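Written out below as structure tokens is the structure these notes cover.
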Amino acid sequence: EEANTWVGTRAATVVGIFVALEQPQPQVPEFLNALRSAGYVPWMAMLSSLSLEQLASGAYDSAIRTSARQLVGHASVYVSLLPEMNGRWFSYYGSPDLYQQVYRRLRALFQAEGVTATWVFAPNGWSMVGDEFELYFPGGDAVDIVALSAYNFGACYPGVDWQNFDVMARSYLDRARNFGKPVWLDTGTLEAGGDKDAWLRDLFDQARAYPLQGVLYFNLVTESMATL
């Protein structure tokens, strides 16, 4: 609602949260119902504190199925399974082949519980050599859209400069187009180092011209959930 007020129109249509696959959160159904009532489409970024090997083992399937059941009845929900999997900051970073297997396995578990979703492959744009996101793609039959992460960290780190759309995201988005799927950008900016409002205006001008199907803007972190 704050974003809509800032823009002066109903700009936000998708609202999402981060949740842990193996740690079902009781407030999720209430959150989803509130979104629906307000006219928003839910986006679920399903993270995990587990390794790919643990997720593949089946030992946590019961908890994962509980998380899946919380989404039943929300037919147009977006589900992003293990986003930024090619980033070494997550516990589920690992073999691209194993990630593909785990992604497809999790998708099957969710579908077995009755989840009808738009399935999202959500890699990080930047990566270390050998972790390029193309290696992790689980197949066109298992993915509906690609949502690429690319952020402007401003001047928050030594040697890091303020980045506009072209520097931050364009080359990664060009590569993501090769999957033949609709492409979204998952992004955000810090304030240090530049004009945040001007950056946002340019972002949406560039996104419209590119064109992107959607933009997810990382907006707020709370103690229990992070919203996009």
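The structure displayed is predicted, hence computed values, not measured ones.
Applying the side chain to side chain contact (heavy atoms under 4.5 Å, CB included) rule to P96 yields the partners L135, Y136; only residues at least two apart in sequence or on another chain are considered. Under the ring pair (Phe, Tyr, Trp, His ring centres under 6.0 Å) criterion, F121 pairs with F137, F179, sequence neighbours left out. Applying the side chain to side chain donor-acceptor pair (under 3.5 Å) test to S48 and every residue at least two apart in sequence or in another chain returns E22. With sequence neighbours excluded, the residues satisfying ring pair (Phe, Tyr, Trp, His ring centres under 6.0 Å) with Y92 are F90. Residues passing the side chain to side chain donor-acceptor pair (under 3.5 Å) test with R104, sequence neighbours excluded: D141. Judged as a side chain to side chain contact (heavy atoms under 4.5 Å, CB included), and not counting sequence neighbours, S171 has no contacts. With sequence neighbours excluded, the residues forming a salt bridge (Lys or Arg N to Asp or Glu O under 4.0 Å) with R175 are E134, listed by chain and number.
Separation of atoms CG (D97) and CD (Q101) is listed at 6.5 Å; rounding is to 0.5 Å. Between the OH atom of Y93 and the OG atom of S127 there is a distance of 8.5 Å, given to the nearest 0.5 Å. In this structure, CG on L50 lies 5.0 Å from CG on L55, to the nearest 0.5 angstrom. With rounding to the nearest 0.5 angstrom, the OH atom of Y172 is 10.0 Å from the CD atom of E132.
Looking at R107, its side chain does come within 3.5 Å of a backbone N or O of A142 through a donor-acceptor pair. Checked by atom type and distance alone, the side chain of W199 pairs as donor or acceptor with a backbone atom of Q163 at under 3.5 Å. Proximity of a side-chain donor or acceptor of K196 to a complementary backbone N or O of L190 within less than 3.5 Å is not detected. With T187 contributing its side chain and Y217 its backbone, the two residues share no donor-acceptor pair below 3.5 Å. In this structure, S91 contributes its side chain and S49 its backbone to a donor-acceptor pair below 3.5 Å. A donor-acceptor contact shorter than 3.5 Å links the side chain of N86 to the backbone of N124. D144 contributes no side-chain N or O that, together with a main-chain N or O of T118, makes up a donor-acceptor pair within less than 3.5 Å.
Residue pairs that meet the salt bridge (charged side-chain N to carboxylate O under 4.0 Å, His left out) test with at least one member in residues 46-62, sequence neighbours left out, are D61-R105. Among pairs with a residue in residues 40-50, none fulfils salt bridge (charged side-chain N to carboxylate O under 4.0 Å, His left out), at least two apart in sequence or across chains. Screening residues 152-162 for salt bridge (charged side-chain N to carboxylate O under 4.0 Å, His left out) gives no qualifying pairs among residues at least two apart or on separate chains. Among residue pairs with one or both ends in residues 74-93, those qualifying as salt bridge (charged side-chain N to carboxylate O under 4.0 Å, His left out) are R88-D131; sequence neighbours excluded.
Nearest heavy atom pair, residue A122 against residue S80, reads CB-OG, 3.3 Å. Pairing each heavy atom of W184 with each of V14, the nearest pair is CH2-CG2, 3.9 Å. Here the closest non-hydrogen pair linking L148 and A176 is CD1-CB, 4.5 Å. The two residues K181 and I145 come nearest to each other via the heavy atoms CB-CA, 4.3 Å. Here the closest non-hydrogen pair linking D195 and A198 is OD1-N, 3.0 Å. Between A20 and Q25 the shortest heavy-atom distance is N-NE2, 3.9 Å.
With contacts defined as side-chain heavy-atom distances shorter than 4.5 Å, the pair W43/V79 does not qualify. Between M44 and S67, every side-chain heavy-atom pair lies at or beyond the 4.5 Å cut-off. Inter-residue side-chain proximity for L81 and W119 is flagged as met; some heavy-atom pair is nearer than 4.5 Å. For the pair L82/V102, a side-chain contact is recorded, criterion being any heavy-atom separation below 4.5 Å from C-beta on. Within the 4.5 Å cutoff, the side chain of I17 has no heavy atoms near those of the L32 side chain. Side-chain contact between L185 and L216: absent, with no pair of heavy atoms (C-beta onward) separated by less than 4.5 Å. Between V143 and P138 there is a side-chain heavy-atom pair separated by less than 4.5 Å. Inter-residue side-chain proximity for L21 and L106 is flagged as met; some heavy-atom pair is nearer than 4.5 Å.
Cluster annotation: V167 is not connected to W126 through the hydrophobic network of ILVMFWY side chains, with a link wherever side-chain heavy atoms come within less than 4.5 Å.
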#### Entry: Worked verdict on N152 versus F165 for side chain to side chain contact (heavy atoms under 4.5 Å, CB included)
CA-CA 9 Å; N152 173 32; F165 178 90; over 6 Å; no
### Query
Between T66 and R69, is a side chain to side chain donor-acceptor pair (under 3.5 Å) present by the stated rule, with each step listed?
CA-CA 5 Å; T66 298; R69 286 193 293 273; 3.2 Å; yes
#### Entry: Y151 and D186: CA distance, side-chain angles, deciding distance, side chain to side chain donor-acceptor pair (under 3.5 Å) verdict
CA-CA 8 Å; Y151 288 80; D186 177 3; 2.8 Å; yes
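For Q111, the CD atom sits in a packed shell: over 12 heavy atoms of surrounding residues, nucleotides or ligands are nearer than 6.0 Å.
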N/O donor to acceptor pairs below 3.5 angstrom from side-chain atoms of residues 204-215, sequence neighbours left out:
{"unit_1": "D205", "atom_1": "OD1", "unit_2": "R208", "atom_2": "NH1", "d": "3.4"}
{"unit_1": "Q206", "atom_1": "OE1", "unit_2": "R170", "atom_2": "NH2", "d": "3.2"}
{"unit_1": "Q206", "atom_1": "NE2", "unit_2": "D202", "atom_2": "OD1", "d": "3.4"}
{"unit_1": "Y210", "atom_1": "OH", "unit_2": "L173", "atom_2": "O", "d": "3.4"}
{"unit_1": "Y210", "atom_1": "OH", "unit_2": "D174", "atom_2": "N", "d": "3.1"}
{"unit_1": "Y210", "atom_1": "OH", "unit_2": "D174", "atom_2": "OD1", "d": "2.5"}

